[in-house]
Amino acid sequence: MVNDEWGFPREQRGAMKITNLTSVVVGAGMRNWVFVKITTDEGIVGWGEATTEWRTHSVVGALEDFGPIVVGQDPFRIEHLWQTMHRGQFWKGGLVTMSAISGIDQALHDVKAQALGVPIYDLLGGRVRDEIRMYDHLGGGAPEMVYGNLPAERAAEVAVQSVEAGFDAVKILPVPVVGALPTGADLRHAHDTMAAVRAAVGPDVDIMVDLHGRCTPAGAAEFARRLRDHRPWFIEEPCPPELVDELPSIAACGVPLALGERLVGRSEFLGVLKTGAVAVIQPDVCHCGGISELRRIAALAETFGVSVAPHNPLGPIATAHNLHFAAATPNFLIQEQMRNAVPWYDDVVDGALVVRNGKTAIPDGPGLGLAVVESEAAKHPFVADEQIMSTHADGSVADW
Ligand SMILES: [Mg+2]
């Protein structure tokens, strides 16, 4: 590189160029994983994930729209490309666009870290911890758990299976789809499930309770008061995420609150943080704006004394990116993983995650330290998403 008389470079660094941006869709049971592949003229391939349930074609289309913007650019300029894909566009934000940006941003981090011969977490300031605490998504992915209808004894069994698989924190969904106010039967089911799980796993396993945004604020408060004595570690998405102003009244019931899996971009998180009602935020690296925006959201949360527990029922590439974030982020709390999504979870990548005593090791890299095995991925093509809709007893549409 030639410098001018002031010492500034005359030419952009530009040794490497992005040559292609493509997606690989993998039908993985409950959802399609959308892996994002960036190739470069130096042969380095970076991987990200933009999985967005029920919006697979939309996200793949958004990735195609970003192709002409990204191809030909320098993959080292991650922030510049992020700004180009967000600020530089007339239509900004939204779930689909931000999910596409998220996958691209992750893949750029993988490319750059590989090129520098370091793990991604070293691009983020380096390790701040030696191991990463993990928890198992809703019964390890038991589909019945998602609907909140799992009998109490069965919920206890799947929680014990998670503990036996090495976890010391589990998340359950004991609250069924309810009307504006829960019935006595709804409250009993939630209480009995929580009590059975607490009795089965003992006092020292942390139990997170996901209300899935399916309650009104008044209903969520009823459940919070009913479950409080069994020490839920936190209650997640107590009401639909747009009801930000109602969060303090639910928090006043005496349980820590968590939410954020359906929020994208730092501004949406700022609105929640300013309520002072949440203990934990749960951004998803596949939706919130990638590693770059996840780090900014975490820094914002840190200024409010709030922890970060990234949402992640998605594929192995998203899990790996989350681990790099966790390694380098001081106010990280715990990482979700959907261990039993499909029996071949680890087969589509060239590595496997091992959880022992509730913890996993920091990935080594270089880069992400994990790549998609495309020949294995091709064995599981796109499958139409299962359409899920819940109704109340009178046939009206319910939040689920
Ligand atoms: Mg949730």
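Only a predicted model underlies this, so the values are computations on that prediction, with no experimental measurement involved. Index from 1, following the sequence. Just so you know, ligand 1 is whichever comes first in the structure, and atom 1 is the first atom listed for that ligand. Just so you know, these numbers use all the heavy atoms, side chains as well, and skip hydrogens, waters and symmetry mates.
- Using a 3.5 Å distance cut-off with no hydrogens or angles, the side chains of Gln282 and Glu236 do pair a donor with an acceptor.
- When the side chain to side chain donor-acceptor pair (under 3.5 Å) test is applied to Thr19, the partners found at least two apart in sequence or on another chain are Thr39.
- Note: Phe382 and His57 have tilted aromatic rings, judged against thresholds of 30 and 60 degrees for the angle between ring planes.
- Around the Mg ion (ligand 1), the protein atoms of type N, O or S that sit closer than 2.8 Å are Asp210 OD2, Glu236 OE2, Glu261 OE1.
- The stretch residues 260-310 participates, sequence neighbours left out, in no ring-ring contact (aromatic ring centres under 6.0 Å, His included) pair at all.
- With sequence neighbours left out, the ring-ring contact (aromatic ring centres under 6.0 Å, His included) criterion links Phe223 to no other residue.
- When Leu81, Leu294, Ile78 are each tested for a side chain to side chain contact (heavy atoms under 4.5 Å, CB included) with Asp105, only one passes: Ile78.
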